[in-house]
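Heavy atoms only: backbone and side chains are in, while hydrogens, waters and symmetry mates are out. Read the numbers this way: they start at 1 and go in the same order the structure lists the ligands and their atoms. Along the sequence shown, residues carry numbers from 1.
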Amino acid sequence: MSDGHRSVRRTDYQPPAFLIERVELHFDLDPKATIVRSRLAVRRNPAHADRAAPLRLDGEALTLLRAALDGEEISGNRAIEQDGALVISGVPDAGVVEIENRIAPDANTELSGLYVSRGNYFTQCEAEGFRRITYFPDRPDVMARFTTTITADRAHCPVLLCNGNLAATEDLGGGRHRATWDDPHPKPSYLFALVAGDLVAVRDRFTTRSGRPVALAIWVRRGDEDACGHAMQSLKKAMAWDEAVFGFEYDLEQFNIAAVADFNMGAMENKGLNVFNSKYVLARPETATDADYQAIESVIAHEYFHNWTGNRITCRDWFQLSLKEGLTVFRDQQFTMDQGSAAVKRLRDVRRLRAAQFPEDDGPLAHPVRPDSYIAIDNFYTPTVYEKGAEVVRMMHTLIGPAGFRRGMDLYVARHDNQAVTIEDFVRALSDGSGVDLSRFLDWYAQAGTPELTAEDSYDAVARRYTLTLRQRTKPTPGEAEKRPLPIPVAMGLIGPDGRDIAARMLLLNDAEQRFEFAEVPAPPTPSLLRGFSAPVKLKGVARDRLRFLAAHDADPFVRWDSGYQYATGIMLDMIGAHQRGETLALDAGLEGAMAATLAGADADPAFAAEALSLPSEAFIADQMDTIDVDAIHAVREFLRGALGRRLVAALRAAYARLSDGGPYRIDGASIGRRALRNASLGYLAAAGAEGVALARRQFDGATNMTDVQAALEVLAATDTADREAALRAFHGRWRADGLVLDKWFAIQATSARTQAVEDVRGLYRHPDFDLRNPNRVRALVGAFASANQVRFHAASGAGYRFLADAIIALDPMNGQAAARLTNPFAAWRRHDAGRAALMREQMQRILGVAGLSRFTFEKVTTVLGA
Ligand code: BES
Ligand code: ZN
């Protein structure tokens with residue numbers, strides 16, 4: 001790639017020339033001029049080919065004050081700054097390097113490295129943020145033991161936190177104090193963390209299975225102490241689960257979590273000191289929705305689980321990112337499935353995969369789970385690396401079973417604890433531990449694109465034999481014309497005419513086409529394929545009558561839900577065709593019947609019913625079309641919601657009334673399911689007419705929990721009523737001081753489908769409460785509008801595109817990583833009609849024309865344009 005941005009290739013990997021045995025860091029905190037002193041015990045790496053190679057210390061946005069080797073100042077050209085590194089030559093096989101440098105945390109708007117958020121200090125070092133703190137070999141295969149001393153004003157920073165265990169504290173007089181933290185575990189620099197400031201702790205304890213006590217603390221701003229209970233409960237559950245299922249115990253005396261309002265990502269697994277976006281810590285019934293509560297539980301678990309899968313065993317290089325992220329997402333998914341309804345969790349994860357990863361795999365940003373090259377690694381924290389990566393681990397888990405997987409994980413730890421390893425090492429450990437050769441699954445890491453699976457079958461009544469032929473095909477992706485067949489586990493069953501299983505089996509499709517025979521089949525069966533979504537593929541071509549049968553009868557809840565979903569998708573695509581031809585739309589009787597049946601049986605599992613009632617999203621339908629027609633998709637979906645609401649009005653009213661329990665708010669699975677079903681009913685009733693809107697107004701005024709308030713406000717925000725304005729004003733007035741709740745106020749308006757949404761969003765961008773420096777606020781307004789308001793973002797005028805480009809251009813100089821992430825909605829530009837495609841291309845070219853564009857945004861936009 002051009003423009004002075006260099007790309008890194010996976011096959012260019014070289015072991016580091018030097019290893020770091022110990023690091024002693026000293027921080028003298030000051031918002032404008034923090035002084036960092038570092039003492040590195042370095043040793044030449046025998047695995048590096050060149051025995052005379054210089055020592056390379058990465059550094060970015062640093063002011064070097066001093067560099068010394070074995071006690072002597074390094075002078076002249078023995079140390080030169082080049083290509084973002086301090087390169088020191090003439091370093092002996094073992095020596096001590098001392099560095100002193102200055103940074104300005106206050107001016108750090110990138111939120112990478114050491115920065116100030118609302119007066120407190122935080123760090124974010126993954127992937128390459130440590131080099132913005134001090135000069136260091138900032139790569140994950142350099143694992144070192146860190147000791148850190150922090151000095152600061154006690155008044156400003158009563159709390160001084162770092163990785164590991166607190167070793168000493170000291171009063172320095174004159175209002176200064178100091179803390180020393182020692183981390184006994186070797187770690188790469190990306191897991192370093194420092195938090196300092198005026199925070200308060202919510203404390204608890206955990207005793208590990210082998211009896212070691214761990215002091216737990218969640219650090220928040222004063223006033224938020226009452227909002228940490230759910231996060232703490234989640235942490236203790238996660239700790240116990242990891243011991244029970246994987247035998248993984250926590251390995252320090254302390255475990256700290258710090259919450260911060262300004263954070264680029266969701267959360268970060270720094271050793272012993274996780275740093276969290278406050279959105280994934282703080283929850284009160286009146287401020288957080290059920291979805292927020294559920295997200296907190298899974299993000300807390302995810303970061304905690306990294307302690308073994310990521311921290312103790314880390315990645316050799318950033319191309320191996322899925323080694324820790326795919327595996328840890330798989331682990332957090334399993335954890336959540338074990339906490340409540342496994343079926344609902346599974347179908348939600350599949351929904352998410354289809355909403356984000358399938359389109360990525362089908363467009364210009366397609367890349368393998370283990371990418372081959374990058375300009376900015378931060379652009380590769382993608383649904384492919386995360387969600388598809390988790391599916392690949394899941395397929396191996398499915399094939400070898402939980403016991404085999406456990407033996408594989410035990411072997412992985414026995415072999416690789418305290419190492420930085422590759423995906424091959426992981427797959428080899430699973431294979432050797434389970435006794436099943438999984439090496440062919442490496443192809444899943446290497447090849448981009450989503451395989452399409454089709455099935456053909458026949459039944460021989462005389463021989464009582466059933467034959468199933470499975471085929472797979474993967475379309476070309478950028479730079480990869482030929483695709484190999486992949487190993488695809490197909491969990492399946494045969495269902496008899498009475499709706500009962502005749503057979504259940506696990507098939508492994510290894511080739512492009514394979515035939516499977518079933519003997520002693522008494523009657524012509526219906527095949528139920530991909531039970532539990534046993535592989536991340538697109539199952540195509542299942543006949544509509546079979547989908548209806550499966551939706552009604554399958555023993556597997558995933559296939560039951562998915563068949564209904566695929567059925568609805570087919571109906572909607574037909575209706576879109578009809579709409580485009582100018583025909584009038586009609587409600588399909590099969591769809592109405594299925595929805596009526598779901599409502600009638602809803603009380604058995606309200607959470608599942610709520611999922612089954614929700615129509616495929618506009619984005620999902622778009623992904624099924626060759627040329628996306630956002631207006632037709634929106635018209636059809638709205639028509640269906642209105643028609644279903646009117647036809648099922650009695651059942652919906654009854655459900656809404658029955659589920660209004662009025663009791664105290666509880667966040668157990670059953671209560672969450674009831675609220676979900678009730679709000680799904682409200683949505684349909686509002687789509688049907690004024691009665692529903694009035695109900696929403698009443699719910700908005702009376703509700704005491706945010707789940708119900710938000711659901712009602714979403715309904716009202718989509719209308720053009722006085723109630724809309726009144727409710728939005730009331731909400732803002734009540735919550736203007738609570739940033740996380742105010743984010744909802746922005747997001748609800750940004751995702752409202754009313755026709756003036758673009759102007760609304762432009763107005764909100766200028767609102768005094770909008771803040772480009774707060775990533776949550778940017779996501780709530782700009783991100784939500786562009787990625788979750790398909791019909792208005794893609795307004796034919798191009799106004800939505802101009803708005804997004806304006807925001808990206810304004811944000812890029814402050815926070816390139818965050819700006820780059822906003823570009824995703826442009827990725828599907830070629831799939832839209834020529835007019836919209838040209839408008840999107842024009843805006844992307846405008847972005848590329850900006851002088852000094854960050855490498856983050858540069859890489860994303862050039863890849864999307866295919867330049
Ligand atoms: N290690 C990541 C956080 C991260 C990502 C840091 C990218 C720097 C760059 C962390 O473990 C993570 O994956 N967080 C997710 C949430 C998680 C539940 C999937 C996130 O931040 O979105
Ligand atoms: Zn992670």
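- Partners of Thr287 according to the side-chain contact (heavy atoms from CB on, under 4.5 Å) rule, which considers only residues two or more places apart in sequence or in another chain, are Arg284, Trp735, Asp738, Val741.
- Per residue His302, closest N, O or S atom to the Zn ion (ligand 2): atom name NE2.
- Residues that satisfy the salt bridge (charged side-chain N to carboxylate O under 4.0 Å, His left out) test with Arg221, not counting sequence neighbours, are absent from this structure.
- Each of Gln124, Glu126, Met265, Gly266, Ala267, Met268, Glu269, Val299, His302, Glu303, His306, Lys324, Glu325, Tyr381, Tyr386 has a non-hydrogen atom positioned under 4.0 Å from some atom of ligand 1.
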Could you go through Glu269 and Lys324, starting from their C-alpha distance and side-chain angles, then the distance that decides it, and tell me whether this counts as salt bridge (Lys or Arg N to Asp or Glu O under 4.0 Å)?
CA-CA 11 Å; Glu269 70 265 25; Lys324 74 176 178 81; 2.8 Å; yes
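- The Zn ion (ligand 2) has an N, O or S atom of Glu325 under 2.8 Å away, backbone or side chain.
- A salt bridge (charged side-chain N to carboxylate O under 4.0 Å, His left out) check over residues 330-344, counting only residues at least two apart or in different chains, returns the pairs Asp242-Arg331.
- Lys237 forms no cation-pi arrangement with Phe335, by the criterion of a distance under 6.0 Å to the ring centre and an angle within 45° of the ring axis.
- Taking the six-membered ring for Trp and thresholds of 30 and 60 degrees, His306 and His302 have ring planes more than 60 degrees apart, a perpendicular arrangement.
- Thr422 and Asp425 are linked by a side-chain donor-acceptor pair at a separation below 3.5 angstrom, with hydrogens and angles left out of the test.
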